[in-house]
Asks: 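The structure is given below, and queries will be raised subsequently.
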2 protein chains.
Amino acid sequence: MPQPRKRATIREVAKATGLSPAAVSYALRGMQVSEETIERVRRAAEELGYEADPIARALASGRTGTVGLLCGSLEDLWQQALAVRIGRALKDNDRYALILDAAGDPARERILARQLRDQRVDALIVQPVDPAAAFWAGLCEGLPVVAIGDALAGARTAGEVVFDNRAGVTLALEHLRDRGHRRVAVLTPTRASTPDRPADVHVLAEAGRLGMDIEVVTAPHALAAATEVADTVLSAGHRAFFCFADSIAYGVYAAATERGLAIPGEVAVMGYDDHPMSGLLSPGLTTVDWDIGGIVRAAVRLVMGAADGGTPHHGRIVQAPQLRERGSVG
Amino acid sequence: MPQPRKRATIREVAKATGLSPAAVSYALRGMQVSEETIERVRRAAEELGYEADPIARALASGRTGTVGLLCGSLEDLWQQALAVRIGRALKDNDRYALILDAAGDPARERILARQLRDQRVDALIVQPVDPAAAFWAGLCEGLPVVAIGDALAGARTAGEVVFDNRAGVTLALEHLRDRGHRRVAVLTPTRASTPDRPADVHVLAEAGRLGMDIEVVTAPHALAAATEVADTVLSAGHRAFFCFADSIAYGVYAAATERGLAIPGEVAVMGYDDHPMSGLLSPGLTTVDWDIGGIVRAAVRLVMGAADGGTPHHGRIVQAPQLRERGSVG
DNA sequence: GCGGTTCACTGAACCGTTTCAGTGAACCGC
DNA sequence: GCGGTTCACTGAAACGGTTCAGTGAACCGC
């Protein structure tokens with residue numbers, strides 16, 4: 001096996017400066033040593049091309065300067081956008097994000113969450129697929145976790161940015177009803193096994209209250225696959241859709257267009273999320289906006305507070321929905 | 001400092017089975033030990049809830065089962081799609097991807113590439129911002145690197161999936177010229193410092209050959225920002241656009257719509273990439289398709305071959321472009 | 001000038017694995 | 001029954017840092 005390149009170790013820097021490795025270690029982190037020594041060490045390190053090995057550092061100290069970002073399903077364009085923006089915001093805080101994709105699978109979510117903990121991430125941001133899963137409680141011991149979307153049941157998280165899904169669902173369904181749609185197909189994201197998300201529960205409750213006739217169908221986020229599902233639902237006679245993700249609504253657009261059905265004339269579509277592309281379609285997709293910028297800021301603030309070992313605020317931030325009316329509902 | 005939860009170590013498993021830690025280590029990886037011992041160790045490990053610590057393992061062995069994925073700019077929807085699909089393909093090969101975002105900045109690209117190497121990724125897939133940077137050569141020693149998009153200059157990569165940008169540019173410019181557009185604004189992705197990408201060079205060469213009048217303008221991928229740039233270019237009188245990423249073309253759509261200019265009647269737009277959303281716009285975005293599925297398959301095949309320590313194939317796969325005509329060029 | 005601090009630094013243990021170089025025992029052919 | 005392999009396993013040294021418990025010197029007030 002060819003050496004993957006010989007790098008300087010902390011011991012060589014120690015030798016070069018006549019100090020002990022311990023002193024070098026402290027100096028490089030600016031602790032407990034004189035200014036002059038710090039400078040000397042810094043110079044020697046530079047000269048030798050020394051850079052601390054993050055793996056060794058992680059093993060010894062248990063910290064990494066890294067934040068895990070576990071997404072529910074990265075096939076969702078909105079979650080993609082969220083991940084990218086959180087990644088950039090963390091970068092501005094000198095952390096770097098490890099982005100992972102649970103692919104809508106609760107089992108995979110459990111595995112990846114554990115894996116991130118074992119990787120010694122300083123904190124974890126998660127958009128849970130199954131917020132009711134039991135393992136969250138254990139995970140939250142000793143690892144600051146910030147949840148986005150739904151709160152984790154029975155877990156001492158370091159913070160949560162939750163969506164007021166009850167309000168969001170009400171907004172969407174009332175809008176559809178006000179425009180004369182009583183019979184509505186609800187397209188909700190596919191999950192490998194299907195824990196009922198709080199949001200789904202609200203749909204049924206609200207539909208009952210509003211006297212609407214609801215059919216819930218699961219659909220994938222990927223455009224081609226969502227289009228297929230939408231097509232099936234169209235052929236079942238549905239003409240009004242409430243999609244639990246803008247990505248899925250795009251599938252309805254595609255399916256309707258394929259069949260030559262006009263939006264909003266013949267088919268009404270309502271989204272949920274407000275992805276930037278939704279405004280570009282014609283007609284624009286009427287949707288429920290959660291203020292992605294605010295979510296990013298809140299999540300990063302919570303996670304930075306927790307990762308620095310500060311007091312676990314347990315901030316709970318509730319996002320209020322806003323109807324973004326664009327014309328896809330007749 | 002509260003213990004982040006006491007986990008079983010390999011030594012405890014050794015004690016429980018009456019073996020040495022070394023034997024347990026071998027047994028868990030199914031090497032050099034009797035079937036019976038393997039079974040015994042496995043059972044003890046299960047009982048104690050033992051799971052090998054990936055950090056310690058990485059430090060000792062230098063391997064992690066992880067593949068780094070360094071994206072040029074994750075603000076680009078197409079690159080987002082690529083990253084997600086590569087991530088899922090790697091998962092199917094029992095690796096997991098660390099997705100990082102260079103944010104179009106060559107300096108950051110260098111830092112992150114080094115960081116991934118230090119994290120002991122088994123291999124690196126990179127969509128280079130600056131393929132001509134000198135550090136690639138050093139990085140490729142001892143770390144299998146697969147490049148997507150442009151080949152890395154002077155570096156011994158493990159493989160490349162390169163785009164035939166010359167052909168792609170020709171396709172796009174000829175299409176524009178054939179439809180009567182001689183004066184064309186080329187919107188190319190912003191880069192923090194601006195190494196001329198091979199693709200940009202081709203534009204000028206081809207434009208010369210075709211007798212076209214080209215103005216190159218850089219633009220960000222993010223919709224709002226791209227829209228701003230597009231608006232400026234529109235106000236400078238341009239009415240034909242060749243965007244070096246579909247994401248940027250979306251900005252032209254937005255800007256044109258805002259000004260009440262019809263596509264393709266008053267403004268012609270040509271994209272590059274073919275993101276799924278491009279087919280949903282009206283009119284659909286005419287673009288150059290690179291077969292994202294093929295790219296993913298090729299990159300993953302190359303990286304799996306290299307990561308397993310197999311012969312460094314140095315496969316070079318050249319992607320041929322295909323014109324996807326949808327109606328955004330008059 | 002003496003006890004008590006503070007300061008700058010050291011030695012050694014430790015983090016949890018892997019891997020290298022053995023080591024005895026069993027087995028082999030002859 | 002003897003040299004040579006193979007087999008299953010062990011002990012100890014890595015891997016490259018951090019951290020804990022000192023240690024001696026300088027400095028302090030009184």
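In this text the structure is predicted, and so the values were computed from the model without any measurement. Chain letters run A, B, ... following the sequence lines, proteins first, then strands; residues in each count from 1.
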Asks: Under 4.0 Å between a side-chain N or O of B/Thr37 and OP1 or OP2 of D/dA8?
Replies: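 No, because none of the side-chain N or O atoms of B/Thr37 sits under 4.0 Å from OP1 or OP2 of D/dA8.
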Asks: If we ignore hydrogens and angles and just use 3.5 Å, is the side chain of A/Arg120 paired with the main-chain N or O of A/Asp118 as donor and acceptor?
Replies: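 Checking the backbone N and O of A/Asp118 against the side chain of A/Arg120, a donor-acceptor pair under 3.5 Å is found.
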Asks: Want to settle it: does A/Ile10 or B/Ser20 sit nearer the 5' end of DNA chain D, counting the closest nucleotide to each?
Replies: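 Mapping each residue to its closest nucleotide by heavy atoms, the 5'-most match is B/Ser20.
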Asks: Taking atom P of D/dG17 as reference, at what distance in whole Å does atom CG of B/Asp118 sit?
Replies: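 Taking CG of B/Asp118 and P of D/dG17, I get 10 Å after rounding.
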Asks: Strictly distance-based, threshold 3.5 Å: is any side-chain N or O of B/Thr37 a donor or acceptor partner for the main-chain N or O of B/Val33?
Replies: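 Not at all, since once roles are kept as given, no pair shorter than 3.5 Å links the two residues.
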Asks: Does any nucleotide pair with C/dG22 by Watson-Crick or G-U wobble geometry, both distances under 3.5 Å, and what is it?
Replies: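 Pairing partner: D/dC9.
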Asks: Taking the side chain as C-beta and beyond, is there a heavy-atom pair between B/Arg301 and B/Ile317 under 4.5 Å?
Replies: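 A side-chain contact exists here, since the closest heavy-atom pair is under 4.5 Å.
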Asks: For D/dC7, does the base pair up with any side-chain atom of B/Tyr26 as donor and acceptor (N or O, under 3.5 Å, distance only)?
Replies: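 Such a pair does not exist between side chain and base.
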Asks: Quickly work out the B/Glu12 CD to C/dT17 C1' distance and round it to whole Å.
Replies: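 So the two atoms are 14 Å apart, to the nearest Å.
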Asks: Distance check: side-chain N/O of A/Thr9 vs OP1/OP2 of D/dG16, anything under 4.0 Å?
Replies: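 Looking at the OP1 and OP2 atoms of D/dG16, neither is under 4.0 Å from any side-chain N or O of A/Thr9.
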Asks: For the residue pair B/Ala8 and B/Tyr50, what are the closest heavy atoms and their distance?
Replies: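 In this case the closest contact between B/Ala8 and B/Tyr50 is O-CD1, 3.3 Å.
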Asks: Any donor and acceptor pair, going by atom type alone, linking the side chain of B/Gln79 with main-chain N or O of B/Ser73 inside 3.5 Å?
Replies: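 Checking the backbone N and O of B/Ser73 against the side chain of B/Gln79, a donor-acceptor pair under 3.5 Å is found.
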Asks: Starting at atom NZ of B/Lys15, determine the distance to atom P of D/dG11, rounded to an integer number of angstrom.
Replies: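 Those two atoms, NZ and P, are 12 Å apart.
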Asks: Just the rounded figure in Å: distance from C1' of D/dT18 to CG of A/Leu59.
Replies: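 Result: 10 Å.
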Asks: Could you state the atom-to-atom distance from CG of A/Asp53 to C1' of D/dG17 in whole Å?
Replies: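 To the nearest whole Å, that distance equals 8 Å.
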Asks: Is B/Leu19 touching bases, backbone alone, or none of the nucleic acid, heavy atoms closer than 4.0 Å?
Replies: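 If one applies the 4.0 Å heavy-atom cut-off, B/Leu19 turns out to touch the sugar-phosphate alone, with no base involved.
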Asks: Which one, C/dA8, D/dT18, D/dC9, comes nearest to the side chain of B/Ser34?
Replies: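 Of C/dA8, D/dT18, D/dC9, D/dC9 is nearest to the side chain of B/Ser34.
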Asks: Check step by step if side-chain contact (heavy atoms from CB on, under 4.5 Å) holds for A/Met304 and A/Leu90.
Replies: CA-CA 9 Å; A/Met304 292 307 294; A/Leu90 284 171; 4.2 Å; yes
Asks: Taking only the side-chain nitrogens and oxygens of A/Ser25, find out if one of them lies under 4.0 Å from OP1 or OP2 of D/dT18.
Replies: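 For D/dT18, OP1 or OP2 has a side-chain N or O of A/Ser25 closer than 4.0 Å.
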Asks: Rounded to the nearest Å, what distance is computed from the CE atom of residue A/Met31 to the P atom of nucleotide C/dA8?
Replies: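 Atom-to-atom, A/Met31 to C/dA8, this comes out as 13 Å.
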Asks: Reckon B/Glu51 touches a base, only the sugar-phosphate, or nothing at all at heavy-atom distances under 4.0 Å?
Replies: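 Counting heavy atoms under 4.0 Å across all strands, the contact made by B/Glu51 is with sugar-phosphate only.
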Asks: Roughly, in whole Å, what's the span from OH in A/Tyr50 to C1' in D/dG17?
Replies: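 After rounding, the reported distance stands at 7 Å.
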Asks: Go through the N and O atoms of the side chain of B/Arg57 and the base of C/dG16, and report whether any donor-acceptor pair is under 3.5 Å.
Replies: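 Flag unset: no donor-acceptor pair detected.
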Asks: Closest approach to the side chain of A/Ala56, judged atom by atom: which nucleotide of D/dG16, C/dG11, C/dA8 is it?
Replies: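 Of the options given, the side chain of A/Ala56 lies nearest D/dG16.
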Asks: Answer yes or no: does a side-chain N or O of B/Ser61 lie under 4.0 Å from OP1 or OP2 of D/dC15?
Replies: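 So the side chain of B/Ser61 is outside the cut-off, no N or O lying under 4.0 Å from OP1 or OP2 of D/dC15.
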Asks: C/dT19, OP1 or OP2 - any side-chain N/O from B/Arg63 closer than 4.0 Å?
Replies: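 Yes, B/Arg63 has a side-chain N/O under 4.0 Å of OP1/OP2 on C/dT19.
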Asks: Rounding to a whole Å, what distance do you find between A/Arg11:CZ and D/dA14:P?
Replies: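 Rounding to the nearest Å, CZ of A/Arg11 and P of D/dA14 are 10 Å apart.
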Asks: Tell me which nucleotide, if any, is Watson-Crick or G-U wobble paired with D/dG4 when both distances must be under 3.5 Å.
Replies: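 Because both required distances fall under 3.5 Å, D/dG4 counts as paired with C/dC27.
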Asks: Using a cut-off of less than 4.0 Å, is there contact between a side-chain N or O of A/Arg29 and OP1 or OP2 of D/dT19?
Replies: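 Affirmative; the distance criterion is met.
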